[in-house]
Amino acid sequence: MIDLTRRALQVAPELLGAHLTSRVGGEQVTVRLVEVEAYEGTDDPASHAYRGERPRNRVMFGPAGHLYVYRHMGLHHCANLVVGTEGTASAVLLRAAEVVDGADVAWRRRLASGVCRHERDLARGPARLAVVLGLTREHDGLAVGTGGDGLVTIEAAPSGTAIATGPRVGIAGAGPEAASWPWRFWVVGDRHVSATR
DNA sequence: CGTAAGATTTACT
DNA sequence: GTAAATCTTACGA
């Protein structure tokens, strides 16, 4: 199993290929993570925790293994897995995944709050992934189980997944330096990785 | 208290 | 390719 008490930069690549199961809302969906980004808290200009603890981001300052879910652009939700030790505000943004179980539920949720044509786009992008998993602000702070128990659980990937790295997406406003750091990780060649504009 | 900008997605020209 | 949707948080006055 993955040790979530290390910093995001170290945990993020290990989450690729891992299976995440959500039983939120009484329905089960399992995805295989194919794209994530690391955010390092108060030292990272692109992190929501950069300017210190706030009501919205307080979960990131807590212990590892909890969800940080935020609302973005009024309409969307994005989910992070809080890692690191208490007080570091380290987190990993879940950007894209492949649905491996509960596809019927995933399709229903996506079509209910938007449009989706291809299986490839089911969970391709952080907000889409949150929809598929049924996660909203209500689930901010929810504990993530690592032993198969809980509303949301995560299961380590078999090792050997080929990984690529690159700059994070959509953080130009945080400055050119942070925007250049290769803190985005994805599975090489996987079609479910999100498109970058 | 008012305003600006945002870890995005979708629709339209 | 470009813009609109939509609302919360954050920051300045």
Side-chain angles (χ1 to χ4, degrees), chain A residues 7-9 11-13 15-16 20 31 33-62 64 66-84 88-99 106-142 144 164-186 191-197:
Chain A
R7 57 190 312 210
L9 267 175
V11 177
L15 289 177
L16 294 178
L20 190 77
V31 302
L33 297 174
V34 298
E35 182 187 354
V36 298
E37 283 177 0
Y39 286 87
E40 286 294 356
T42 50
D43 295 327
D44 178 4
S47 171
H48 288 168
Y50 184 52
R51 291 169 192 284
E53 187 169 351
R54 296 270 186 283
R56 177 178 70 156
N57 62 22
R58 84 194 131 72
V59 174
M60 280 199 286
F61 288 83
H66 293 253
L67 292 178
Y68 165 53
V69 185
Y70 65 93
R71 185 185 274 286
H72 187 60
M73 298 313 249
L75 309 170
H76 311 293
H77 291 279
C78 301
N80 297 248
L81 180 60
V82 176
V83 301
T88 56
S90 208
V92 178
L93 171 68
L94 311 178
R95 281 198 61 89
E98 169 187 8
V99 175
W107 274 106
R108 178 155 27 86
R109 284 174 173 166
R110 284 281 284 122
L111 294 174
S113 61
V115 179
C116 186
R117 289 167 206 270
H118 308 290
E119 178 278 336
R120 170 184 191 171
D121 295 326
L122 262 183
R124 194 186 191 213
R128 292 164 171 176
L129 176 55
V131 167
V132 161
L133 296 176
L135 299 175
T136 70
R137 255 306 276 164
E138 294 173 25
H139 306 103
D140 187 49
L142 185 69
V144 176
T165 67
R168 292 175 291 181
V169 176
I171 58 163
E177 194 186 341
S180 73
W181 298 337
W183 288 6
R184 175 174 171 243
F185 304 84
W186 67 91
R191 305 185 323 239
H192 303 272
V193 172
S194 73
T196 58
R197 287 244 181 170

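In what follows, chains are A, B, ... by sequence order, proteins preceding strands, each numbered from 1.
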Counterpart residues, side chain to side chain contact (heavy atoms under 4.5 Å, CB included), relative to [X] (two or more places apart):
{"X": "A:Val82", "value": "A:Val59, A:Met60, A:Tyr68"}
{"X": "A:Ala46", "value": "A:Tyr39, A:Asp44, A:Arg168, A:Ile171, A:Ala174"}
{"X": "A:Ala164", "value": "A:Trp186, A:Val188"}
{"X": "A:Phe61", "value": "A:Thr42, A:Ala49, A:Glu53, A:Asn57, A:Ala89"}

Q. With sugar-phosphate meaning primed atoms plus P, OP1 and OP2, does A:Arg95 contact a base, only sugar-phosphate, or nothing at under 4.0 Å between heavy atoms?
A. sugar-phosphate
Practice task
Have a look at A:Leu93 and say if it touches a base, only the backbone sugar-phosphate, or nothing, with a 4.0 Å heavy-atom cut-off.
Solution key: base
With side chains defined as the heavy atoms from C-beta onward, is the minimum distance between [X] and [Y] less than 4.5 Å?
{"X": "A:Arg58", "Y": "A:Asp140", "result": "yes"}
{"X": "A:Leu129", "Y": "A:Arg95", "result": "no"}
{"X": "A:Arg191", "Y": "A:Glu98", "result": "no"}
{"X": "A:Phe185", "Y": "A:Val92", "result": "no"}

Handout entry: Audit row: A:Tyr70, A:Leu93, side-chain contact (heavy atoms from CB on, under 4.5 Å) steps and yes/no
Key = CA-CA 11 Å; A:Tyr70 65 93; A:Leu93 171 68; 4.3 Å; yes
Sorted by chain and number, sequence neighbours left out, side chain to side chain donor-acceptor pair (under 3.5 Å) with A:Arg51 holds for none
Hits for side chain to side chain donor-acceptor pair (under 3.5 Å) against A:Arg184, two or more places apart or cross-chain, chain-then-number order -> A:Glu35
Ranking A:Gly114 and A:Ala91 by the position along DNA chain B of their nearest nucleotide, the one closer to 5' is A:Ala91
Comparing nearest nucleotides in DNA chain B, the 5'-proximal residue of the pair A:Arg128, A:Ile171 is A:Ile171
In the 5' to 3' direction, the nucleotides of DNA chain B bounding the stretch that comes under 4.0 Å of a heavy atom in chain A are B:dG6 to B:dA11
Where DNA chain C forms runs of at least three Watson-Crick or G-U pairs (i with j, i+1 with j-1, under 3.5 Å), the stems are B:1-6 with C:7-12, B:8-12 with C:1-5
B/S/- along nucleotides 2-9 of chain C (protein heavy atoms under 4.0 Å) is BB-BBBSS
Expected list for residues 33-51 of chain A near DNA chain B, using heavy atoms below 4.0 Å, is A:Tyr39, A:Ala46, A:His48
Donor-acceptor contacts, no H, no angles, side chain residues 71-78 of chain A, under 3.5 Å, sequence neighbours left out:
| from | atom 1 | to | atom 2 | distance (Å) |
| --- | --- | --- | --- | --- |
| A:Arg71 | NH1 | A:Gly74 | O | 2.6 |

Salt bridge (Lys or Arg N to Asp or Glu O under 4.0 Å) pairs touching residues 127-136 of chain A, sequence neighbours excluded, are none
